[in-house]
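These notes concern the structure reproduced below.
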Amino acid sequence: MKKYMQRESLFMRQYYDIFSNERSMSCHEEYYKALVHFIKRNDRYFSKEIVKAYNLNVLMTLELEKYPIAPSIFSLTQEQVRCSGQTYSSVGSLAMSISNILWEMVAVYSGKDCPIINEYNMRYALVEDLSGEAFIVEECEQCGYLQGLTGQPYGGTVKKISPATMSQIEQAMDRKK
């Protein structure tokens with residue numbers, strides 16, 4: 001394990017300090033902002049490749065007011081316990097964990113099971129293909145399977161994927177009718 005990944009390093013202390021900071025843990029939106037600030041403040045560890053690989057480049061630039069960050073997503077108290085006790089072997093594993101947390105806070109779930117793993121975890125996402133055209137799809141948060149809103153597998157290319165906003169979802173549903 002790299003020295004900077006050890007719990008007592010300045011880098012990791014900054015991460016763990018998020019969970020003991022009253023403001024950072026006051027609500028989900030502040031928690032989201034604290035995680036984004038941590039990544040930006042530590043860009044020497046979070047290389048452009050890591051940021052892009054875990055879609056953090058997209059998650060760090062979202063306009064949060066367009067997303068339904070609701071307290072019912074998960075308990076911040078439980079999150080404090082879970083994350084403050086977690087150890088990470090690499091910046092990549094930390095980046096993946098942060099990416100998962102950020103996605104979970106802004107995602108809107110469709111209520112459908114993934115047809116691949118048969119669990120409830122399909123969320124709405126905005127996919128941009130190589131031509132620049134954008135589509136609302138459902139994405140499995142576990143396996144990454146993509147399907148259209150009518151359940152057909154998405155067979156297009158993916159240049160960029162991001163959480164869909166409520167208005168994007170509503171517009172797509174209106175077009176579906």
Any side-chain heavy atom of [X] within less than 4.5 Å of one from [Y]?
X   : Y    : value
Y54 : N100 : no
V58 : I161 : no
V91 : N42  : no

Spacing of [X] atom [atom1] and [Y] atom [atom2] [to the nearest 0.5 Å]:
X    : Y    : atom1 : atom2 : result
M60  : L35  : CE    : CG    : 11.0 Å
T157 : E133 : OG1   : CD    : 10.0 Å
S24  : K33  : OG    : NZ    : 11.0 Å
I69  : L62  : CD1   : CG    : 8.5 Å
Y88  : R7   : OH    : CZ    : 9.0 Å
M25  : Q80  : CE    : CD    : 4.0 Å

Requested in this report: Kindly write out the residues that satisfy side chain to side chain donor-acceptor pair (under 3.5 Å) with T61, not counting sequence neighbours, or none if the list is empty.
Outcome: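 In terms of side chain to side chain donor-acceptor pair (under 3.5 Å), with neighbours along the sequence ignored, T61 is linked to no residue.
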
Query raised in the report: Mind checking what makes side chain to side chain donor-acceptor pair (under 3.5 Å) contact with T150, not counting sequence neighbours?
Result: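 Counting only residues at least two positions away or on another chain, T150 forms a side chain to side chain donor-acceptor pair (under 3.5 Å) with Q152.
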
Query raised in the report: What's the verdict on side chain to side chain contact (heavy atoms under 4.5 Å, CB included) for I101 and C83, showing C-alpha distance, side-chain angles and the deciding distance?
Result: CA-CA 10 Å; I101 292 165; C83 290; 3.9 Å; yes

**Report entry** Residue pairs, two or more places apart or on separate chains, that pass salt bridge (Lys or Arg N to Asp or Glu O under 4.0 Å) and touch residues 77-92
**Finding:**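 The answer is E79-R82.
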
Report task. Among residues two or more places apart or on two chains, list those pairs meeting salt bridge (Lys or Arg N to Asp or Glu O under 4.0 Å) that have a residue in residues 60-69. Result ->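 For residues 60-69: E63-K66.
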
**Report entry** Donor + acceptor pair across side chains of T165, Q168 (<3.5 Å)
**Finding:**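 Yes, a side-chain donor-acceptor pair sits under 3.5 Å.
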
Query - Evaluation steps, side chain to side chain contact (heavy atoms under 4.5 Å, CB included), between Y45 and K2 - result: CA-CA 11 Å; Y45 299 106; K2 302 260 186 200; over 6 Å; no

Per-pair distances, 0.1 Å, donor-acceptor, side chain in residues 107-117, under 3.5 Å, sequence neighbours excluded:
unit_1: Y109; atom_1: OH; unit_2: E141; atom_2: OE1; d: 2.7
unit_1: S110; atom_1: OG; unit_2: K112; atom_2: N; d: 3.2
unit_1: S110; atom_1: OG; unit_2: M122; atom_2: O; d: 3.4
unit_1: S110; atom_1: OG; unit_2: E138; atom_2: OE2; d: 3.4
unit_1: K112; atom_1: NZ; unit_2: E138; atom_2: OE2; d: 3.1
unit_1: K112; atom_1: NZ; unit_2: L149; atom_2: O; d: 3.3
unit_1: D113; atom_1: OD1; unit_2: Y120; atom_2: N; d: 3.0

Query raised in the report: Is the F74 ring parallel, tilted or perpendicular to the Y31 ring (thresholds 30°, 60°)?
Result: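 The arrangement is perpendicular - the two ring planes meet at more than 60°.
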
Query - Residues in ring-ring contact (aromatic ring centres under 6.0 Å, His included) contact with F38, at least two apart in sequence or another chain - result: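 By the ring-ring contact (aromatic ring centres under 6.0 Å, His included) rule, F38 matches F11, Y15, F46.
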
